[in-house]
Number of protein chains: 2
Amino acid sequence: DDVTYFVFTSASDLHVKYKLGKTLLHREGIPESEWLELPVSHYRAANIRMMCDAIAYARSQGATSIEFGGEDGSRADVDYIAEIHREGLKAGGTRPSTPDTVGCYSPYAVREYIPKIKAAAPDAPLVVHFHNDLGIGAWNTVTALGSGAEVFTTSVNGIGERTGNAPMHQVLLQLRYLFGIEIPNFKYEKLRDLARHLERVSGIPVQPTEPGIGLNVFSHESGIHTAGMLIHPAIYQFIPPADMGAKVEYIYGKHSGAVVVEHALRGAGITPEPKLVARVLEEVKRIREERAERADFSEFHRNYYEHLGHLGLTAAEVVDIARAISADSKAKG
Amino acid sequence: DDVTYFVFTSASDLHVKYKLGKTLLHREGIPESEWLELPVSHYRAANIRMMCDAIAYARSQGATSIEFGGEDGSRADVDYIAEIHREGLKAGGTRPSTPDTVGCYSPYAVREYIPKIKAAAPDAPLVVHFHNDLGIGAWNTVTALGSGAEVFTTSVNGIGERTGNAPMHQVLLQLRYLFGIEIPNFKYEKLRDLARHLERVSGIPVQPTEPGIGLNVFSHESGIHTAGMLIHPAIYQFIPPADMGAKVEYIYGKHSGAVVVEHALRGAGITPEPKLVARVLEEVKRIREERAERADFSEFHRNYYEHLGHLGLTAAEVVDIARAISADSKAKG
């Protein structure tokens with residue numbers, strides 16, 4: 001039981017007929033020429049047979065923990081998903097999984113369909129998997145957990161194809177701060193360090209405004225905000241920074257007010273005489289504007305996108321490799 | 001009516017008593033020493049008087065379009081918000097606004113409370129304003145629009161204090177792709193260009209997985225995904241890239257499969273012989289791994305955070321400025 005095997009096929013008609021169609025025909029000895037003529041019902045049945053064969057094979061080889069299900073669940077017939085889950089369990093699978101592969105599920109659909117999917121296999125834990133194409137991968141995950149699902153998948157920093165998977169940090173923040181649900185022994189105060197670590201090993205940066213893990217989450221610049229924060233930190237922040245292993249940061253710039261300058265001076269043992277504060281504030285704003293003009297943001301962003309562009313090879317580079325291999329073969333030929 | 005004036009006070013007891021308390025006491029000629037003794041009800045009434053005076057003054061100066069309301073609405077008594085909106089309209093305000101200043105509203109609370117807030121001033125357009133601390137600023141905005149609010153505020157790229165405001169692109173994507181609602185004449189296909197422009201002028205980068213506007217939104221690397229996409233692009237993508245002025249991108253790396261390599265070679269007029277494809281694929285994976293080892297991601301990220309850290313001044317820099325000013329005064333003194 002230490003290893004969970006993953007037997008995954010497709011659930012939507014688009015995937016079952018078009019993506020898997022030819023594979024299913026080969027398996028059943030039907031010529032490829034019949035691909036588009038055969039009805040979807042044919043593929044649905046053949047698809048379940050293929051999945052159940054794979055599950056039974058895994059069982060025969062000693063696997064006892066087998067997750068299974070159909071890809072592209074959010075665009076699939078919910079009754080067919082239920083059938084996949086029932087048949088997979090009968091074949092020896094242990095936990096069904098339904099994914100929102102293209103990230104098009106709405107929270108209203110989650111509340112409508114997850115209970116129906118759960119009802120088809122009420123005794124097995126239901127796994128959900130959301131993508132973030134519309135920016136609601138995390139909230140859909142939380143909604144699914146409130147609608148009958150027991151297991152969720154996420155990715156650290158939300159990395160993954162396209163817009164990535166439901167971001168783990170967002171799911172954890174929503175569960176904790178909207179519903180008071182914490183993962184036992186989870187070190188929330190290490191989430192930001194984990195985010196920085198994954199940035200370093202993946203090369204993929206997190207934007208400063210990213211909930212929980214971004215650089216600016218606990219930062220305040222505007223005069224109204226900083227003045228309020230200095231009366232009581234809860235005035236403009238409901239997540240205690242220490243929960244996330246962070247501290248409140250004040251940024252001094254064009255939106256700064258006198259109160260935060262007084263605070264900085266007092267912190268350094270300087271008496272914040274009103275005249276001095278006014279002059280410092282003026283100077284801060286002047287320097288900030290000067291810096292903005294001097295800073296070549298556009299060059300920074302050129303470098304940024306160049307870095308991102310080099311995290312994989314381009315088609316042109318692939319073609320060059322092929323040409324080099326071909327030329328080399330001919331020379332040796 | 002070309003200019004909308006904004007008369008804004010606070011709505012939550014925390015803000016009304018603690019943030020605005022001393023200001024309200026000064027206004028009413030009550031000594032500051034009574035600050036903590038006076039009950040919240042005193043501040044609530046004084047706060048509405050102050051707001052209505054400001055609205056009436058704006059009216060007397062000729063303002064005809066006046067937005068008004070109370071900050072920190074998500075932590076305020078909903079009946080007090082209703083009172084603020086009713087009284088503000090009576091004083092001459094034209095549209096009430098209720099903000100989730102600290103970003104702690106849940107979509108369930110939005111569905112519960114926005115109709116009550118709307119009912120207090122049914123004939124005036126209701127403005128909502130959400131923050132993104134839990135990653136649901138956009139979904140809360142959409143939920144509010146479905147619960148009686150007519151006007152929403154967002155920010156381009158989601159910039160703003162802490163985690164920023166509801167990101168405009170996410171609100172627009174959710175309205176369009178979940179509900180089929182489009183903003184008339186809005187150039188959706190320019191959203192990505194707008195995002196790049198704001199990055200250049202603000203210095204604040206968008207992460208590659210950011211919905212709609214990130215670099216990787218239309219990128220596919222894994223063999224399963226790219227093979228599916230080459231059968232039909234809808235298989236792993238429900239937002240047509242052209243809607244957003246983008247194209248599907250294939251990234252070649254360690255997750256690549258043969259089908260996408262065949263595709264790249266065919267595109268360059270090279271016959272994708274299986275043996276060549278296999279060797280190219282091997283080489284692509286080798287180069288990708290070599291590049292990952294050679295690329296100093298940690299240095300990139302040091303530079304990245306250094307750049308972000310220099311978008312404002314630090315407290316230490318502010319203190320240095322104060323010291324320089326003081327020294328200068330003394331020298332001249």
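Each chain gets a letter, A, B and so on, in the order the sequences are listed, and its residues count up from 1.
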**Asked** Among Phe218(B), Tyr108(B), Phe179(B), Tyr177(B), which has the most heavy-atom pairs under 4.5 Å with chain A?
**Response** Tyr108(B)

**Asked** Distance from Gln170(B) atom CD to Asn132(A) atom CG, nearest 0.5 Å?
**Response** 7.0 Å

**Request:** Tell me, please, which residues at least two apart from Tyr250(A) pass ring-ring contact (aromatic ring centres under 6.0 Å, His included).
**Result:** His263(A)

**Item:** Flag if over 12 foreign heavy atoms under 6.0 Å of CG, Leu230(A)
**Value:** yes

**Asked** With respect to chain A, which residue among Ser10(B), Gly253(B), Gly135(B) yields the maximal number of heavy-atom pairs within a distance under 4.5 Å?
**Response** Gly135(B)

**Request:** Return the option, out of Val318(A), Ile251(A), Val319(A), Ile231(A), with the maximum number of heavy-atom pairs under 4.5 Å with chain B.
**Result:** Val318(A)

**Prompt:** Can you tell which of Glu283(A), His220(A), Arg291(A) has the highest number of heavy-atom pairs within less than 4.5 Å of chain B?
**Reply:** Arg291(A)

**Asked** Which pair of heavy atoms, one from Pro205(A) and one from Gln207(B), lies closest together, and at what distance?
**Response** O-CB, 3.6 Å

**Prompt:** With chain A, which of Val277(B), Ile235(B), Val280(B) has the greatest number of heavy-atom pairs at distances under 4.5 Å?
**Reply:** Ile235(B)

**Prompt:** Which atom names give the shortest non-hydrogen contact between Val284(A) and Leu313(B), and what distance separates them?
**Reply:** O-CD1, 3.9 Å

**Complete:** Whatever's closer than 4.5 Å to a heavy atom in chain B on Ala138(A) counts as neither

**Request:** Can you label the angle between the Tyr236(B) ring and the His15(A) ring as parallel, tilted or perpendicular, going by 30° and 60°?
**Result:** perpendicular

**Asked** Are Arg323(B) and Ile270(A) side-chain neighbours, meaning at least one heavy-atom pair lies under 4.5 Å?
**Response** yes

**Item:** Among Thr101(A), Val206(A), Leu173(A), residue most engaged with chain B (heavy-atom pairs, under 4.5 Å)
**Value:** Val206(A)

**Among His169(B), His232(B), Arg196(B), residue most engaged with chain A (heavy-atom pairs, under 4.5 Å)** = Arg196(B)

**Asked** Can you find a pair of side-chain heavy atoms, one from Tyr305(A) and one from Leu215(B), that are under 4.5 Å apart?
**Response** yes

**Request:** Heavy-atom distances under 4.5 Å only: say whether Leu311(B) touches chain A with side chain, backbone, both or neither.
**Result:** both

**Request:** Could you tell me which of Ser106(A), Ala109(A), Pro107(A) has the largest number of non-hydrogen atom pairs under 4.5 Å with chain B?
**Result:** Pro107(A)

**Prompt:** For His307(A), which residues count as a ring-ring contact (aromatic ring centres under 6.0 Å, His included) partner, sequence neighbours excluded?
**Reply:** Phe297(B), Phe300(B)

**Request:** Could you tell me which portion of Glu71(A) (side chain, backbone, both or neither) has an atom closer than 4.5 angstrom to a non-hydrogen atom of chain B?
**Result:** side chain

**Message:** Need one label for Arg266(A): side chain, backbone, both or neither, based on atoms under 4.5 Å from any heavy atom in chain B.
**Reply:** neither

**Item:** Leu178(A) side chain reached by Ile136(B) side chain, heavy atoms, under 4.5 Å
**Value:** yes

**Request:** State, yes or no, whether a side-chain contact exists between Leu134(A) and Pro211(B) at a heavy-atom distance under 4.5 Å.
**Result:** no

**Asked** chain B heavy atoms under 4.5 Å from Ile204(A): which part of the residue, side chain, backbone, both or neither?
**Response** both

**Message:** Using heavy-atom distances under 4.5 Å, tell me whether Ser222(A) contacts chain B through its side chain, its backbone, both, or neither.
**Reply:** both

**Request:** Grab the two heavy atoms, one from Glu161(B) and one from Glu221(A), that are nearest each other, plus how far apart they are.
**Result:** OE2-N, 3.0 Å

